[in-house]
Student: 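Before I ask anything, let me first share the structure, which is written out below as structure tokens.
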Amino acid sequence: MLDQPATPIRFERLLLTGVAGNLGRELRPRLKAYCRTLRLSHRAPFGEAGPGEEIVIADLADADAMLGLLEGVDAVVHMGGVSTEQPWERILPSNIVGMVNLYEAARRQRVPRIVFASSNHVTGFYRQDQVVSPKDPVRPDGFYGLSKAFGENLAQLYWDRHGIETVSLRIGSSFAAPKDRRMLATWMSFDDTERLIVAALTAPVVGHSIIYGFSDNRTRFWDNTPAAHIGYRPKDSADVFRAEVEARQPVLDRHDPAVIYQGGAFVKQGPGA
Ligand code: 15L
């Protein structure tokens with residue numbers, strides 16, 4: 001957790017979906033610092049509410065449940081849904097139907113802003129020797145990346161048609177430490193993840209903005225210049241782990257698609273793999 005909250009704002013009620021996932025668990029105490037009440041949701045029971053928390057069990061695929069979930073919230077941090085490459089039957093209800101349910105609920109409950117956990121896998125089929133910006137065409141590396149591209153397009157529609165603002169975060173690799181050479185470029189520390197989400201929640205005007213989520217790493221695949229208005233300033237860097245990661249993985253097979261493409265191993269798991 002940041003020593004000082006990144007900005008002294010207070011939301012009355014923030015909703016964090018997908019709280020039982022890896023990143024959801026990490027964000028739970030962090031986001032509590034920015035609101036009076038943190039509403040937490042997941043599709044199955046996951047424990048007790050702490051002080052200043054409330055729990056609502058809601059399946060993304062259930063439109064009525066989603067409508068109730070969004071009642072009275074000032075903003076949503078949407079971490080819910082499938083977060084890895086999976087068979088289409090699993091992705092469809094949560095990342096496609098679920099996203100429509102989320103945005104329809106936001107429209108009906110008049111929720112003004114959503115911070116959407118998109119993914120770098122929206123552009124995973126760019127090569128690692130390219131630097132990609134949020135303005136470049138999408139190149140999903142599987143059904144998962146494709147579903148996140150759908151989510152971004154849906155966010156654009158709800159901004160253009162209904163004025164609901166979204167910041168789509170194309171999160172790189174948000175873990176305690178980079179696990180491999182690729183993550184020396186894609187890694188985002190948990191503190192920087194908090195900084196990014198808070199910047200996305202509080203930037204005055206965002207419309208629908210897309211921004212890549214990564215720390216201040218020396219090697220990088222992405223250029224966030226078109227999202228400078230979000231005001232995200234990473235403070236950590238994967239480079240403190242560089243020597244250790246390179247020693248663990250000294251030789252790379254340059255013919256391996258997981259080494260060639262930004263999406264890494266995801267490019268080998270998609271449809272037909
Ligand atoms: C993602 O989108 C996943 O949710 C996460 O588990 C990581 O695998 C990450 O991408 C990544 O690309 O490293």
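In each ligand, atom 1 is the first atom listed, and ligand 1 is the first ligand listed. Excluded from the calculations below are hydrogen atoms, water molecules and symmetry mates; all remaining heavy atoms, backbone and side chain alike, are included.
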Student: Is it the case that the side chains of S168 and S118 hold a donor-acceptor pair, with the cut-off being a distance below 3.5 Å and no angle test?
Tutor: no

Student: For F116, check ring pair (Phe, Tyr, Trp, His ring centres under 6.0 Å) against everything at least two apart and list the hits.
Tutor: none

Student: Between K148 and E152, is there a salt bridge with N-O shorter than 4.0 Å?
Tutor: no

Student: By the rule that ILVMFWY residues connect when side-chain heavy atoms come within less than 4.5 angstrom, directly or transitively, which residues belong alongside V132?
Tutor: Y126, Y212, F214, F221, W222

Student: Tell me, which pairs form a ring-ring contact (aromatic ring centres under 6.0 Å, His included) where one or both residues lie in residues 174-208, sequence neighbours left out?
Tutor: W187-F241

Student: When you look for protein heavy atoms under 4.0 Å from ligand 1, which residues do they belong to?
Tutor: S83, S119, N120, H121, Y144, G172, S173, F175, R182, M183, F266

Student: Can we say R182 and D180 salt-bridge, meaning some charged N sits less than 4.0 Å from an Asp/Glu carboxylate O?
Tutor: no

